[in-house]
Structures are given as C-alpha cells and as structure tokens.
Amino acid sequence: MSHLQIMRNPTNWLCSVGCALLGIHTIAAADDHGLEHSFLEALPVVLSASRLPTPLGETPASVTVIDEALIRATGYRDLARLLRLVPGMQVGQARGHRHLVTYHGFALEHPNQMQVLIDGRPAHLPNDHSGADWSALPLAIEDIERIEVVRGPNAASYGTSAFLGIINIITRHTRAEVGSSVGVTAGSHGTRDAIARGVHQGDSLGIRATAQHQRDDGFSALSDTRELTRANLRADLQLGLIDELTVSAGATHGRRGEGFAGTRFEVEGLRNGLQDTSVVDVQWRRAPDARQELLIALSHQRERYREGWFGRGSFFDGINTVELTVPANNDRDTRRTELRLQHRFTPAPGLRTLWGAEWRHDRMAAPFLFRDLGEHDRAEHRLFGSAEWRAAPQWLWHAGAMAERIEGDRMRLAPRVALNWQAVPGQTWRAGYSRAFRQPSIFERNSDVQIRLGPQFGDLLLARRHRPNPEVRPQRVDAFELGYFAELPGARGLFDARLFQERSIDMIRRSAVPHDPLPPQIEALLPGVQAALGSTQWANIPDAVRLTGLEYQLRIVPWSDGELIFNHAILRARSRDSQLARPVAPHTASLTWLQRAGAWESALTVLHMERSRLGNGFSPNDRSTLPAYTTLDASLALNLSAGPRPTTLRLAGVNLLGRHLEVSDRALRRLSDDPPSTKAQRQIHLSLSMTL
C-alpha cells in the first residue's frame, strides 16, 4: 500500500501503524533483561520539551536529539544541514549561503514558525524574516554538544515563536572539553575554512574561546559568495557549592553575495550584503540539589545589516531616452534585550513543577522597509508554568501553559496536557493536546516598502511592494497527537513515533492587494511596471489548514561499532485554499549509516524529498512544482595519534548524486526572462583538525 493510499484511508493507516508498533513491541519484549545495557543507560535527558529535565522516553512531546557523535561524523560545514536528519523537517538550500528551515514546509518564504534557541536563549532577531539566519549565527558546529528538536507546537513552554516546534542548540560545558584545537578545511567552490579553539580549565573557572573563518564561492553562476568571520566565548564560573555563573558572548562579521543578473528593471540587482551581529548572555544558576534550581538570565543581541542596490531601466518619452534609477535596500538595525526567570522545584513526592517569567524588548530601524525613518519597537511579557505528576508507576501526567501579552494584542493563553503510559518497562504511549499562537512580526504588521521614481519625477510613487496591516491577527494551531517510544534492547536501539492531527486558522500569508494608479503619462512610458513589481500585504487567510501525519525515527546498533538511523514522515495537508497546503511534501525520508573500524570513521546519508511546491518569493499565480529528489552525503575520517596531539583527517561531501532544485524562487521566474539556476550542487571538502 502506498503512502498516499494510507493517508486517504485513515482506517488502513491506523491498522498499518498498529502493526508496525506491534512489531516494535515484539522486538522490545524479546530481551527485557537487556534494559540494563550500557547503550540504554545513556538515554538522553532533554530540557526543551517542558523546560523540566526529562528522560527522552517520558517527555510530553516527540523530541529528536542530534548528538555530538552524529554531528561530528557527518562532517557538515553548515549547521542547518544537520536538521535534515529530523523527521518532518524540510530544509531547502536556496543559495550557497542560504538554508531555509521549516517544519512540514510551512512559511518557507519567511521561516519564522519555529523557536530557535542557543542554550535556551532565542537565536533569531526581529528582522524582516524574524527567523534564524543560519549562516550568521555566532556559533561554531565544533562547540555544540547536542541539538534537541521538539516536533510539534510548544508555545506552552516557549511562547509565540514555538508555533510549530523548538530547535534548541546546546553548547558544550567547559568542564566537558578535552582541550584546545585547530583545524583547516579546503574544497570545491572555493571552500577555505579555518578554526581555532582555546580551552582553559581551572578549579572553579572554565573558559572556551573560538575563532572561525569560512569562505566559499556558493553555487556556480550565482552571486552568492560567502565570507564569514565569527568568534564566541563561554565562561563557566563555579560560585561555591550550589551557584554557577555562565557568560556567553559572540560576534559575526559577514559578507555575502546577493541578487540576480538579468532581472527586469534590475529589481534584484547584484550586490553584497554586509552583516555584523553580536550577543551577550549571562546566566546565574542556583541548584541546592537535583530537585530544585533557580535560573536568572539576561541577554542582549544586536544586528547591523547593509544591502543596497539600484534598480535601473530606460524608456523613450517620444523625444529622448530617459534613464531611470531607483534606489532600494534591505538595510536594518535591530536590537533585542531579554530577561528570563525560571524556578524548578519538587513540592511533593512524584510531583515536579516549574514556573517562570520573561520580558523581551525588540527594536528595529529599517528606513526603506518601513518608510517612516523611525524605529519600531515592541515589548513582550510572558508567564509560564509546567507540572509533571506521576499518579502511579505506569502513569505520568504533564500539564503546562503560557500566558503571553505582546504589545499590540491582548493576552493569549497557550495550554498543553499530555498523559504518558508505560505499558511495560522501556515502552511508553503518549496522548496529548496543545494550542499555540504565533504573533505577527514587526515586519508583517508594519512594513511599508515604497518604490519611488526619484526627484526628476517629483518623488512619484511607482509601487508599494509591502503595505502595513495593523489589523493582522495572530495565527492559531490546535494539535492532537498519539506518541509511542520504545527502547529496543534486542537491537540496541530506540524507536519514536508521532501520529498527529493539527488544525491551523488565521494563517498569515503575503497576499496581493490593488496597487496605486499611476498618472497616465507614466503608465504609457512604463507599461506593466506595477503589475511586475506588485503590491502586497501580510494578512490572515480565512480558510483553515488541516495537517495529518505520521513521523517516526529508528536508531539501532545492528552490529559492532555500527549504527543505523532511519527517519520517515508521511503528511497530508488539506485546505479549501490550495495555496496553503502546497508547500507540504507528502513524503520525506533519510537513512544514515555510521560505522567505526579501528582508526576509521564513516557516515553515509541518503535523503529523499517527495515532490512539493516548496518556494520563496511572492508570485500570486505560481503553480510550479518541484520534482522529487534523492541526494547522498558522505564522510570518511581517519583518526591519528600524533603523540600527545590527536589528529583527524576527514573527506566529506554533500549532494554527491548531482544537481537538484530544492527551493523554487517564484518571483525570480516572473522577473527574469532567463532565470539563473539555483540548483543545489555537489560540494566536496577535506579537513584536518588537531587537538593541542
């Protein structure tokens, strides 16, 4: 039975799921005494599902953990590529330096519906996309301990940005570092990287400083070169027996190629984007024992981005040829300050609770994007709580809620409740419900992008690319799910499945609106210019979107020093407005094989994306479809012992099966007679790293 047949017949679907879970149950029950195997003793304790530290098999939501061993084995240069190893995640590479990350394909043009955290701190800024800029994060992959991905709405714990889920990047504590290191990388497409990491470990103070430079030429025939320099620092200071102070700071300076040659009126002219970002985060923890902890954190982030160009064209006024030059830019200055308080305690046996509060202030200045030359700011207030109650040895209740008040809207309440039932040791069923809201970003509510002809035409308004919409409402999702988690001692592995149905209303989408009429003489000189540029506004769509799906992940160790990781998602999106359901790929899968043999270490990953309409750029009548693609990533490493300095030589490559299109730039096809190829391309690099 095909996955589409299954999705169209829920009865057959549930029967198939039941048979699969019965098979997993048989494997798990075949070797109950193996539950004490060391592989299962390392079952991760995750923080991101409810903010309470919880073993992976007892969480109120499905969580995928990308651990340090997997991160290292892939040899990936780009953090976003790791997220392709998460069930249901759709990651598209639109340019050499731009990865668009979205869960189930929603909101690719502005992927702002997942909360991205670094050590619990929001990593995104209130820029025009309000999502994470994956290339510019002040973080090196080498500093990451693990990535926790909560698959499903999690606003009850993290608020508005956790509309579809959470990506929490957790860096390594300085006490867990093995020493300083250096590394270099060289490869195709002009890849030239270097990294140096210095570590100091004292009795009470640990410090790690990382400096990294990345450079490459991006995709062939595109203006998408990348040159990034990033530095970050983490210091962990033990203040007595129960207090710890952690200070993190980072900065990134980048230069990236943007634009496309040959677009009409050069509205996407070639240019460079210059970016400077910085962040400081201070966290104080007091933990008298394992049952209680108090956390107070203060963070401040800044971004300065410059990306300007000129749209140029010419026309004949009946006597002379007139050159037209229209300035445009995506310049912005953004700041975010956030104060977080969180208290975890155990008021009674079998009951764990947590409460907290957050205050956040965002400020953004972008004269071209907002037209008014002023700053736009917004204050946000949150009060949240979580509770975990073990009613009986086999029954575990989870409850949580977030009360959120964001300037410009009334208070919203996002609740969640889940019940875990441990049928037998090592196997847990979960049923849950959650509601989440996503507030419109500052850009979605207030953007006012005007294209004007300049002083020679009296500063005449040519087109309004974006119109403000102060009436846009938050979008809402209600999610029901049934989960199953099993430890597989017979296969030395884990199995996690999520069967869910989500209903989203008031989805925020960029929509076409009537444009301002031009004077007849200008319309005659520039026929069709407004239709080409378009006029749009972010607005709520009245039709609901219903998403039904099955996701699962299987990790097993079938033989000595080898591991297999299989991820699969089957999805069906339905809406009376077909445009809302188009981006969802009905079928995605990945299979990763990790193997060690003496000093050798390898990773092989096959990724498949079914046909979809995944695209960015606004084009209201676009009906194009991306063909399905399968690609292959590989990494082979040799670990050498060069005296006291362990050395690793690694050869890695991505997209080894050749070029394929991952993101369709809809606006580019409309604005260019011969759009350049934005196909993802084969990239191979060789790296050498040494521990000092």
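These numbers come from the heavy atoms of this one structure, side chains and all, not from hydrogens, waters or symmetry mates.
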Decide yes or no on side chain to side chain contact (heavy atoms under 4.5 Å, CB included) for Leu79 and Ile144, but give the supporting numbers first.
-> CA-CA 10 Å; Leu79 172 60; Ile144 298 174; 3.7 Å; yes

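- Judged purely by distance below 3.5 Å, without hydrogens or angles, the side chains of His568 and His587 pair a donor atom with an acceptor atom.
- Within the 3.5 Å criterion, the main-chain N or O of Trp538 finds no donor-acceptor partner in the side chain of Glu444.
- Side-chain atoms of Tyr76 and Ile71, non-hydrogen and from C-beta on, never get closer than 4.5 Å to each other.
- The shortest distance between side-chain heavy atoms of Arg285 and Leu294 does not fall below 4.5 Å.
- No side-chain donor-acceptor contact under 3.5 Å links Thr588 to the backbone of Pro586.
- Note that CG of Asn469 and CG of Asp448 are 12.0 Å apart. Values are rounded to the nearest 0.5 Å.
- A distance-only check finds no donor-acceptor pair linking the side chain of Thr346 to the backbone of Arg352 [under 3.5 Å].
- In this structure, CH2 on Trp284 lies 14.0 Å from CG on Leu298, to the nearest 0.5 angstrom.
- Put simply, the residue from Arg555, Gln553, Glu551 that forms a side-chain hydrogen bond (donor to acceptor under 3.5 Å, both in side chains) with Asn567 is Gln553.
- With contacts defined as side-chain heavy-atom distances shorter than 4.5 Å, the pair Ile170/Ile118 does not qualify.
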Evaluate Arg340 against Glu338 for side chain to side chain contact (heavy atoms under 4.5 Å, CB included), listing each step before the verdict. CA-CA 7 Å; Arg340 311 187 299 277; Glu338 183 174 79; 3.2 Å; yes

Exercise for review: Applying salt bridge (charged side-chain N to carboxylate O under 4.0 Å, His left out), run through Glu375 and Arg335 and close with a yes or a no.
Suggested key: CA-CA 11 Å; Glu375 291 188 331; Arg335 285 171 284 175; 2.7 Å; yes

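- A distance-only check finds a donor-acceptor pair linking the side chain of Glu404 to the backbone of Thr160 [under 3.5 Å].
- Using a distance-only test at 3.5 Å, with no hydrogens or angles considered, a donor-acceptor pair links the side chain of Thr353 to the main chain of Phe345.
- For the pair Gln301 and Ala123, the tightest heavy-atom approach, listed with the atom from each and the gap, is OE1-O, 4.0 Å.
- Taken from CZ in Arg84 to OG1 in Thr74, the straight-line distance is 12.0 Å, to the nearest 0.5 Å.
- Classified by interplanar angle (parallel below 30°, tilted 30° to 60°, perpendicular above 60°), the ring pair Trp359/His361 is parallel.
- Of all the heavy atoms in Thr59 and Asn420, the pair that sits closest is O-ND2, 3.2 Å.
- Cation-pi geometry between Arg430 and Tyr484 is not met: the NZ or CZ atom fails to fall both under 6.0 Å from the ring centre and inside 45° of the normal.
- Here the straight-line distance linking atom CG of Asp543 with atom OG of Ser575 works out to 5.0 Å at 0.5 Å rounding.
- Counted by atom type alone, Gln275 and Glu303 present one or more donor-acceptor pairs between their side chains at under 3.5 Å.
- A salt bridge links Glu358 with Arg51: at least one charged nitrogen is closer than 4.0 Å to a carboxylate oxygen.
- Residues Ile169 and Trp134 share a closest heavy-atom pair of CD1-CZ3, 4.2 Å.
- The shortest non-hydrogen separation linking Ala136 to Thr277 is O-OG1, 3.6 Å.
- A donor-acceptor pair is defined here as one N or O able to donate and one able to accept, closer than 3.5 Å; such a pair exists between the side chain of Arg445 and the backbone of Val472.
- Annotation: the span from Ile147 atom CD1 to Ile166 atom CD1 amounts to 14.0 Å, rounded to 0.5 Å.
- Within the 4.5 Å cutoff, the side chain of Leu85 has heavy atoms near those of the Thr592 side chain.
- Side-chain contact check for Met364 versus Arg332: some heavy-atom pair is nearer than 4.5 Å.
- Ion pairing between a basic and an acidic side chain is recognised when a charged N comes within 4.0 Å of a carboxylate O; Arg98 and Asp133 show no such pairing.
- Remark: aromatic rings of Phe443 and His466 are close, center separation under 6.0 Å.
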Under the side chain to side chain contact (heavy atoms under 4.5 Å, CB included) rule, what do Gln475 and Gln113 come out as? Steps first, then yes or no, please.
CA-CA 10 Å; Gln475 58 190 65; Gln113 300 190 14; 3.3 Å; yes

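- Heavy atoms of other residues, nucleotides or ligands lying less than 6.0 angstrom from CZ of Arg405 number more than 12.
- The local environment of CZ in Arg302 is sparse, with at most 12 non-hydrogen atoms from other residues, nucleotides or ligands closer than 6.0 Å.
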Quick one: do Leu354 and Phe384 satisfy side chain to side chain contact (heavy atoms under 4.5 Å, CB included)? Show the steps, please. CA-CA 8 Å; Leu354 177 145; Phe384 58 88; 3.6 Å; yes

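- Taking the six-membered ring for Trp and thresholds of 30 and 60 degrees, Phe495 and Tyr552 have ring planes inclined between 30 and 60 degrees apart.
- Here the side chains of Val65 and Leu56 are in contact, with some heavy-atom distance below 4.5 Å.
- Side-chain contact check for Thr536 and Arg510: at least one donor-acceptor pair (N or O, by modelled atom type) lies under 3.5 Å.
- We find the CZ-CG distance between Arg146 and Leu70 to be 14.0 Å, quoted to the nearest 0.5 Å.
- Of all the heavy atoms in Ala132 and His124, the pair that sits closest is N-CB, 3.8 Å.
- Using modelled atom types, no side-chain atom of Gln427 and backbone atom of Ala486 make a donor-acceptor pair closer than 3.5 Å.
- One finds no salt bridge joining Glu293 and Arg286 here, because no Lys/Arg side-chain nitrogen approaches an Asp/Glu carboxylate oxygen to under 4.0 Å.
- Remark: the backbone N or O of Met114 is not paired with any side-chain donor or acceptor of Ser161 at under 3.5 angstrom.
- Residue pairs meeting the side chain to side chain donor-acceptor pair (under 3.5 Å) criterion with at least one member in residues 495-507, sequence neighbours excluded: Tyr103-Arg498, Arg151-Asp496, Arg473-Asp506, Glu481-Arg498, Arg498-Glu502, Gln501-Thr548.
- Counting heavy atoms from C-beta outward, Arg438 and Pro474 have side chains that stay 4.5 Å or more apart.
- Shown here for Pro153 and Ala436, the closest heavy-atom pair between the two residues is CB-CB, 3.9 Å.
- With 3.5 Å as the limit, one finds no donor-acceptor pair spanning the side chains of Asn168 and Glu148.
- Under 4.0 Å is where a charged nitrogen must lie from a carboxylate oxygen, and between Asp478 and Arg476 at least one such pair does.
- Contact check for Asp377 versus Asp362: no side-chain heavy atoms found under the 4.5 Å cut-off.
- A donor-acceptor contact closer than 3.5 angstrom links the side chains of Arg416 and Ser157.
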- Query: Given Gln439 and Asp409, is the side-chain hydrogen bond (donor to acceptor under 3.5 Å, both in side chains) satisfied, shown in steps?
  - Reply: CA-CA 9 Å; Gln439 289 282 347; Asp409 188 41; 2.7 Å; yes

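- Side-chain contact of Thr171 with Asp119: a donor-acceptor pair under 3.5 Å is present, judged by distance alone.
- Of the residues Arg360, Arg382, Met411, His381, the one that meets the side-chain contact (heavy atoms from CB on, under 4.5 Å) test with Ile406 is Arg382.
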